[in-house]
Protein chains: 2
Amino acid sequence: MPNNQFKRGELYSFITGKASIAIARCLQKKFNAAGLNLTIEQWSVLYQLWKEDGKSQQELCLATFRDKPSITRLVDNLEKLKLVRRVPSKDDRRINLIYLTPEALKLQDQTMTLAEETLNEALHGVPANQIETCKAVLQIVYDNLK
Amino acid sequence: MPNNQFKRGELYSFITGKASIAIARCLQKKFNAAGLNLTIEQWSVLYQLWKEDGKSQQELCLATFRDKPSITRLVDNLEKLKLVRRVPSKDDRRINLIYLTPEALKLQDQTMTLAEETLNEALHGVPANQIETCKAVLQIVYDNLK
DNA sequence: GGCATATAGTTAGATAAACAACTATTCAAA
DNA sequence: TTTGAATAGTTGTTTATCTAACTATATGCC
């Protein structure tokens with residue numbers, strides 16, 4: 001029985017991703033406590049734009065592992081919050097380029113600090129080499145299925 | 001800088017849990033391909049009831065790491081699908097006990113096989129000891145934050 | 001040029017999650 | 001025994017995801 005590394009009864013945590021749900025909830029609580037009116041999903045889009053501003057919605061789909069309707073609505077809501085603007089591309093009129101507003105630029109330092117804080121709390125007591133192993137395994141899982 | 005094991009730029013995958021999202025999407029596709037009209041979230045509730053039938057909604061909250069309104073609505077939808085029944089407890093009239101229907105019992109083997117298949121595909125090429133390390137790290141993360 | 005196809009994005013409908021506010025029941029202490 | 005707190009569950013609202021169907025623009029082949 002090759003590769004049958006999991007038995008019934010061990011499946012649940014892996015599939016539901018309790019660890020990442022816990023991380024996301026913790027970070028959301030920190031955002032709320034800091035008075036930031038921002039969801040983790042919205043933050044994840046801003047995160048990609050802080051890395052490189054002016055991405056298209058399609059690029060945001062790939063970067064955030066979401067489909068097109070999800071990005072459309074996240075950008076809708078980020079526009080309502082005046083954190084991004086849609087700018088039609090001059091080269092290709094099908095494309096919207098998404099640009100950060102000055103307000104969104106101001107959020108970067110504070111939210112990234114909270115995110116680092118969350119991860120450090122989450123990984124407290126875990127040796128660095130085990131973290132590396134874990135990241136490598138999760139990357140393989142992602143590559144195997146995507 | 002104690003415990004500062006993550007640098008900016010490495011945060012995203014961990015927080016968003018791309019690996020577990022990929023696993024869940026893959027399993028959902030298998031359910032759909034098999035003609036099963038069942039979401040992964042509904043399946044995760046059935047999974048707990050296959051382990052022990054007749055749990056209360058509160059017990060399902062703890063077991064599935066969800067809040068009470070989420071379980072209320074998942075049980076609503078599972079009842080619509082005629083996969084579970086709410087039975088008021090005789091001991092404590094506040095409590096609903098959730099029981100599987102014969103149809104739900106029939107789904108166990110097929111869906112568990114698909115779940116095992118998904119995990120084996122996901123973990124293809126990962127040594128068993130690294131899987132153990134990964135599971136241990138994710139458990140610590142969960143315990144640190146919960 | 002014209003037409004098929006692919007690509008970028010939007011809309012609609014269903015399910016799910018987070019939060020707050022609510023009802024009903026139980027339990028314990030004054 | 002009554003009152004107040006705790007517990008179990010529901011409802012309403014907002015945001016997010018998935019699927020499918022849709023519009024508009026671009027591309028490539030004839």
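Just so it is clear: chains get the letters A, B, ... in the order the sequence lines come, proteins before strands, and each one is counted from 1. This one's a predicted model, so the numbers in the text were calculated from it and none came from an experiment.
- Within a heavy-atom distance below 4.0 Å of DNA chain D, the residues of residues 21-42 of chain A found are A:T39, A:E41, A:Q42.
- With the end axes of the helix from C:dG1-D:dC30 to C:dA30-D:dT1 each set by five pairs, the angle from one to the other reads 10° at 10° resolution.
- Remark: A:T72 is in phosphate contact with C:dT10, judged by side-chain N or O atoms under 4.0 Å from OP1 or OP2.
- Exactly one residue among B:D53, B:L60, B:I98 makes a side chain to side chain contact (heavy atoms under 4.5 Å, CB included) with B:Q48. That residue is B:L60.
- The only member of B:L38, B:T111, B:L105 that meets side chain to side chain contact (heavy atoms under 4.5 Å, CB included) when paired with B:L46 is B:L38.
- Rounded to whole Å, atom P of D:dG9 lies 14 Å from atom CG of B:L74.
- Taking the charged nitrogens against the carboxylate oxygens, B:R73 and B:D67 have no contact shorter than 4.0 Å, which rules out a salt bridge.
- A:L60 has its CG atom 11 Å from the P atom of C:dT10, to the nearest Å.
- Remark: P of C:dA16 and CZ of B:F65 are 18 Å apart, rounded to the nearest angstrom.
- Side-chain contact between B:K18 and A:K146 is absent, with no heavy-atom pair separated by less than 4.5 Å.
- A:N77 and A:K80 are linked by a side-chain donor-acceptor pair at a separation below 3.5 angstrom, with hydrogens and angles left out of the test.
- Between the NZ atom of B:K68 and the P atom of D:dG12 there is a distance of 17 Å, rounded to whole Å.
- Put simply, the side chain of A:E121 does not reach to within 4.5 Å of the side chain of A:H124, judged on heavy atoms.
- Two different hydrophobic clusters hold A:Y47 and A:L62 under the rule that ILVMFWY side chains link at heavy-atom gaps under 4.5 Å.
- The closest side-chain heavy-atom distance from A:W43 to A:L27 is below 4.5 Å.
- Taking atom CD of residue A:Q58 and atom P of nucleotide C:dA6, one finds them 15 Å apart after rounding to whole Å.
- Note on A:I95 and A:L100: separate hydrophobic clusters, where clusters join Ile, Leu, Val, Met, Phe, Trp and Tyr whose side-chain heavy atoms are under 4.5 Å apart, directly or indirectly.
- Clustering ILVMFWY residues whenever any of their side-chain heavy atoms sit less than 4.5 angstrom apart, transitively, puts B:V141 in the very cluster that holds A:L114.
- The phosphate of D:dG9 has neither OP1 nor OP2 within less than 4.0 Å of any side-chain N or O from B:Q57.
- Where A:I71 and B:R66 each meet DNA chain C at their nearest nucleotide, the meeting point lying more 5' is that of A:I71.
- Within residues 75-96 of chain A, the residues approaching DNA chain D are A:N77, A:D92, A:R93, A:R94, by heavy-atom distance under 4.0 Å.
- With hydrogens and angles left out, the side-chain atoms of B:S89 and B:D92 include no donor and acceptor closer than 3.5 Å.
- Taking only distance into account, the side chain of A:R73 meets the base of C:dA12 through a donor-acceptor pair shorter than 3.5 Å.
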